[in-house]
Amino acid sequence: MGFSKDNLKGFVLALLSSGFIGASFIIKKKGLRRAAAASGVRAGYGGYSYLLEPLWWLGFITMIVGEIANFVAYAFAPAVLVTPLGALSIIVSAVLAHFILKERLHRLGVLGCVMCIAGSIIIVIHAPKEHSITSVLEIWSMATQPAFLLYVGSVVVLVFILVFHFAPQCGHTNVLVFTGICSLMGSLTVMSVKALGTALKLTFEGKNQLIYPETWFFMLVVATCVITQMNYLNKALDTFNTAVVSPIYYVMFTTLAIIASVIMFKDWDDQSGGAILSEICGFIVVLCGTILLHSTKEFERSSSFRGGSYMPVSPSLSARLCSGGNGELEKHEEEDGTPSEEICLRRQELY
């Protein structure tokens, strides 16, 4: 692939975007923890007290900056190039979680991060060039082709099933439910963001696309999908380990976004079989890296129950002895691994 000037702009913007988004995971989770400690109701269980937490808003603003950079990147480069670079957000969030949230990153987890980077590089090298688009009407014709409409219909049906059937039953025990909703909606977000970004790019170049209702429709789709993603991403982050949510979300989101882009924008039509195979191999490397990172966190969690002959007092028992209750605050702080003495102090401060 000859790296065009537009592809280079999209590449740099995607890197910046991933850095901001990766950091926002950590900042927002810190805000979620503070909000839950203050209100006693976690976001994963329907609490919205995090909206009054400044740290959560800082994370939200950081994510917005990252999303804006990502938005502009899609206007310059194909989704097959931009989307896989989200692997950097895994590295950022995993490293920051290790130092800030004290969620340990095992050596094998580091290897998983390296594999994510290597796979992304392979994809970037063999990514297709951006197709020349002169009007938002061209994108609308792509979005209304039967194959893509079938994809959109399938996504909508799956989201409704996950939201109304699986989320109430196993959303707080299975990480794939909340992240699945985010990823499915995210694939539609990417397509509409690329359409809207291209329309605005053409407008700034002197070809006004705001006169077309299709442009405003894509804007509505972007707003709807982003709000849905934010809501369920908050639930996933508050319920599960950050270093688990980030890679799983990345794998599912990237896979679905690439599939959607290939269907809608025909990214692979002008590529050779070797280039397509290289991109697939690169993504498999990324997938293996994320699975390794996920497995490492699960291993650390299970190994924490093994130790010497000394068995400390259960945090849940000490918390109940301290407070005499079993509310949401205790549950939240026990899952975060907060020492029982600190739980006692926090409860005294709250009351």
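We count residues from 1, following the sequence as given. Note: hydrogens, waters and symmetry copies are ignored here, and every other heavy atom, side chains too, is used.
- Looking at every heavy atom in both residues, Gly289 comes nearest to Cys116 through C-SG, 4.0 Å.
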Pair Lys207-Ser135, side chain to side chain contact (heavy atoms under 4.5 Å, CB included): steps then yes or no: CA-CA 8 Å; Lys207 304 174 183 177; Ser135 171; over 6 Å; no
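- Heavy-atom contacts from other residues, nucleotides or ligands closer than 6.0 Å to CZ of Phe20 number 12 or fewer.
- For an aromatic pair to be called close, the ring centres must be under 6.0 Å apart, and Tyr212 with Trp140 fails this.
- Between atom CD1 of residue Ile139 and atom OG1 of residue Thr215 there is a gap of 8.0 Å, rounded to the nearest 0.5 Å.
- The local environment of CZ in Phe148 is crowded, with over 12 non-hydrogen atoms from other residues, nucleotides or ligands closer than 6.0 Å.
- Looking at heavy atoms from C-beta onward, Thr179 lies out of side-chain contact with Phe240 at the 4.5 angstrom threshold.
- Contact annotation: the side chain of Leu202 never approaches that of Val136 to less than 4.5 Å [non-hydrogen atoms, C-beta and beyond].
- Contact detail for Ala14 and Ala73: the closest heavy-atom pair is N-CB, 4.0 Å.
- Interatomic distance, Ile123 CD1 to Ile284 CD1, rounded to the nearest 0.5 Å: 10.0 Å.
- The NZ atom of Lys194 sits 9.5 Å away from atom OG1 of Thr83, with the distance rounded to the nearest 0.5 Å.
- Of the charged side-chain nitrogens involved, none lies within less than 4.0 Å of a carboxylate oxygen, so that Asp238 and Lys28 do not count as a salt-bridged pair.
- Side-chain atoms of Ser187 do not come within 3.5 Å of backbone N or O of Ala257 as any donor-acceptor pair.
- Hydrophobic clustering of Ile, Leu, Val, Met, Phe, Trp and Tyr side chains at less than 4.5 Å, counting indirect connections, keeps Met230 apart from Leu220.
- Between the side chains of Gln229 and Thr189, a donor-acceptor pair is found at a separation under 3.5 Å.
- Between Met264 and Gln145, the closest heavy-atom pair is O-NE2, 3.1 Å.
- The shortest heavy-atom contact between Leu188 and Cys225 is CB-SG, 4.0 Å.
- Aromatic ring orientation, Phe60 versus Trp57: perpendicular (interplanar angle above 60°, classes split at 30° and 60°).
- No donor-acceptor distance shorter than 3.5 angstrom exists from the side chain of Ser261 to the backbone of Ile258, with no hydrogens or angles considered.
- Using a 4.5 Å cut-off on side-chain heavy atoms (C-beta onward), Phe76 and Val82 make no contact.
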Side chain to side chain contact (heavy atoms under 4.5 Å, CB included) between Tyr232 and Leu162, worked out: CA-CA 11 Å; Tyr232 285 95; Leu162 287 172; over 6 Å; no
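- Residues Phe25 and Leu233 have side chains in contact (heavy-atom distance under 4.5 Å, counting atoms from C-beta outward).
- Residue Ile26 is not grouped with residue Ile61 when hydrophobic side chains (ILVMFWY) are merged at heavy-atom distances under 4.5 angstrom, including chains of intermediate members.
- Within the 6.0 Å centre-distance limit, the rings of His172 and Phe178 are counted as a close aromatic pair.
- Side-chain contact between Thr173 and Cys170: present, with at least one pair of heavy atoms (C-beta onward) separated by less than 4.5 Å.
- Both Ile64 and Leu51 are part of a single hydrophobic cluster, where members link through side-chain heavy atoms under 4.5 Å apart.
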Check against side chain to side chain contact (heavy atoms under 4.5 Å, CB included), Trp56 and Lys30: CA-CA 7 Å; Trp56 183 88; Lys30 288 284 288 185; over 6 Å; no
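- Using a 4.5 Å heavy-atom threshold, the side chains of His126 and Leu277 count as separate.
- Ser141 places a side-chain N or O within donor-acceptor distance of the main-chain N or O of Glu138, the cut-off being under 3.5 Å.
- A distance of 7.5 Å separates CD1 in Ile27 from CD1 in Ile100, rounded to the nearest 0.5 Å.
- Looking at Trp216, its side chain does come within 3.5 Å of a backbone N or O of Leu210 through a donor-acceptor pair.
- Put simply, CG on Asn208 and OG1 on Thr203 are 5.0 Å apart, with the number rounded to the nearest 0.5 Å.
- Looking at heavy atoms from C-beta onward, Met185 lies out of side-chain contact with Ile227 at the 4.5 angstrom threshold.
- Remark: the backbone N or O of Val221 is not paired with any side-chain donor or acceptor of Ser192 at under 3.5 angstrom.
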Side chain to side chain contact (heavy atoms under 4.5 Å, CB included) assessment of Val222 paired with Phe71: CA-CA 10 Å; Val222 169; Phe71 176 88; 5.6 Å; no
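- In this structure, Val157 is a member of the same hydrophobic cluster as Phe160, with clusters built from ILVMFWY side-chain heavy atoms closer than 4.5 Å.
- Hydrophobic clustering (side-chain heavy atoms under 4.5 Å, transitive across Ile, Leu, Val, Met, Phe, Trp, Tyr) keeps Leu101 apart from Leu58.
- Atoms CD1 and CD, from Ile125 and Glu279 in turn, are 11.0 Å apart once rounded to the nearest 0.5 Å.
- Pairing each heavy atom of Pro84 with each of Ser120, the nearest pair is O-OG, 3.2 Å.
- Side-chain contact check for Met115 versus Val286: every heavy-atom pair is 4.5 Å or farther apart.
- Smallest separation of non-hydrogen atoms from Leu32 and Asn234: CD1-O, 4.0 Å.
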